[in-house]
Amino acid sequence: MKTKLMIAPIRTSDGTFLAHYSARGLAGLEFPRGNKPGSASLTPADALSTAVRRWHLTTTKALKRALAGNVTRKLPPLDLSAGTVFQQKVWGALRKIAPGETRSYAQIAKAVGRPRTARAVGGACGANPIPVLIPCHRVVAANGQLGGFTAGLKWKHLLLAREGVAI
DNA sequence: AAACGGCAAAATG
DNA sequence: CATTTTGCCGTTT
């Protein structure tokens, strides 16, 4: 049985993101979907717990800063309990990359103590539940090219451009 | 047990 | 250089 999640929208100039909250904190962030199915139904605003309301304020500000290419000052507590140990290590390493900087998949692999797991690192990045705030987009291929991006390379390119990174 | 990736270094033409 | 192997590893089926 899974803990019920509360879902709240964040309207930005790039579209409406959806933030997922568990009892422990921010557990997921979805990119805007052009009027599509919309993964899950939003939690009615008046049904949000006070803790979630507070976190959501923080998430909203952080997301807007991140989309503008700035550093995120405060983040709500993150609930990454859904990930494997390896994934959590990778996500932790991603969070250390400052805006405007990039790393290769192999560099991340080294950073988590598994020098030969470049490919597996790619998988972990794709499984990142909180894109943008956990900057999976700052990981590029060793040859200087973009590499891949589950949510669509256009986003990866846009996010990096906002931070002043040229590919 | 097998297949599949957001990879990368080496080998090839 | 541009392409094609050939290893590699955590996840997923």
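Values below: every heavy atom of this structure, side chains too, minus hydrogens, waters and symmetry copies. Chain naming here is simple, since letters A, B, ... match the order of the sequence lines and numbering starts at 1 in each. Predicted, not measured: the structure shown is a model, and the values here were computed from it.
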*Asks:* Find the partner of B:dG13: check Watson-Crick (N1-N3 plus N6-O4 or O6-N4) and G-U wobble (N1-O2, O6-N3) distances, both under 3.5 Å, and reply none if neither fits.
*Replies:*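 The base-pairing partner of B:dG13, which may sit in any strand shown, is C:dC1.
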
*Asks:* From the set C:dG10, B:dG6, B:dA8, return the single nucleotide nearest to any side-chain atom of A:Arg114.
*Replies:*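 Closest nucleotide to the A:Arg114 side chain: C:dG10.
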
*Asks:* Would you say the side-chain atoms of A:Lys156 pair up with the backbone N or O of A:Val139, donor to acceptor, closer than 3.5 Å?
*Replies:*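 Side chain of A:Lys156 to backbone of A:Val139: a pair is present.
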
*Asks:* So what does A:Gly126 touch, heavy atoms closer than 4.0 Å: a base, only the sugar-phosphate, or nothing?
*Replies:* base

*Asks:* For A:Val139, report the nucleic acid contact type (base, sugar-phosphate, nothing); a contact means any heavy atom under 4.0 Å.
*Replies:*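 Since a base atom lies under 4.0 Å of A:Val139, the category is base.
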
*Asks:* A:Trp91 CH2 to C:dG10 P: how many Å, rounded?
*Replies:* 15 Å

*Asks:* Rounding to an integer number of Å, can you tell me how far A:Gln145 CD sits from C:dA2 P?
*Replies:*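 Atom-to-atom, A:Gln145 to C:dA2, this comes out as 10 Å.
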
*Asks:* Looking at OG1 of A:Thr150 and CG of A:Asn128, how far apart are the two atoms once the value is rounded to the nearest 0.5 Å?
*Replies:*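 A:Thr150 OG1 to A:Asn128 CG: 9.5 Å, rounded to 0.5 Å.
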
*Asks:* What's the CD1-P distance between A:Ile97 and B:dG6, to the nearest Å?
*Replies:*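 A:Ile97 atom CD1 is separated from B:dG6 atom P by 18 Å.
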
*Asks:* Please state the P separation for the pair B:dG6 and C:dG7 - nearest whole angstrom.
*Replies:*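 It works out to 22 Å between them.
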
*Asks:* Atom OH of A:Tyr105 to atom C1' of C:dC9: distance rounded to whole Å?
*Replies:* 15 Å

*Asks:* Distance check needed: B:dG6 P versus A:His157 NE2, whole Å only.
*Replies:* 19 Å

*Asks:* Can you tell me the distance, in whole Å, between the CG atom of A:Leu153 and the C1' atom of B:dG5?
*Replies:*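 Answer to the nearest Å: 14 Å.
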
*Asks:* Do NZ/NE/NH1/NH2 and the carboxylate oxygens of A:Arg53 and A:Asp46 come within less than 4.0 Å?
*Replies:* no

*Asks:* Quick check for you: among B:dA8, B:dG6, C:dG7, whose closest atom lies nearest to any side-chain atom of A:Arg119?
*Replies:* C:dG7

*Asks:* From the set B:dG6, C:dC9, B:dA8, return the single nucleotide nearest to any side-chain atom of A:Ala106.
*Replies:*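 Nearest to the side chain of A:Ala106 among the choices is B:dA8.
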
*Asks:* Heavy-atom nearest nucleotide on DNA chain C for A:Arg116 versus A:Ala127: which residue maps closer to 5'?
*Replies:* A:Arg116

*Asks:* Side chain of A:Thr117, base of C:dG10: donor and acceptor closer than 3.5 Å?
*Replies:*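 Flag unset: no donor-acceptor pair detected.
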
*Asks:* Rounded to whole Å, please give me the gap between NZ in A:Lys110 and C1' in B:dC7.
*Replies:*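 These atoms are roughly 13 Å apart.
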
*Asks:* If the test is side chain to side chain contact (heavy atoms under 4.5 Å, CB included), which one of A:Leu80, A:Thr59, A:Ile134 qualifies with A:Leu26?
*Replies:*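 The single option meeting the side chain to side chain contact (heavy atoms under 4.5 Å, CB included) with A:Leu26 is A:Thr59.
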
*Asks:* Counting only Watson-Crick pairs (N1-N3 plus N6-O4 or O6-N4) and G-U wobbles (N1-O2, O6-N3), all under 3.5 Å, who is the partner of B:dA1?
*Replies:*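 Because both required distances fall under 3.5 Å, B:dA1 counts as paired with C:dT13.
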
*Asks:* Please verify the inter-ring angle class for A:His56 with A:Tyr21; under 30° counts as parallel, over 60° as perpendicular, anything in between as tilted.
*Replies:*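 The rings of A:His56 and A:Tyr21 stand perpendicular, inter-plane angle above 60°.
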
*Asks:* Could you tell me how far apart A:Phe86 (CZ) and B:dG5 (C1') are, to the nearest whole angstrom?
*Replies:* 13 Å

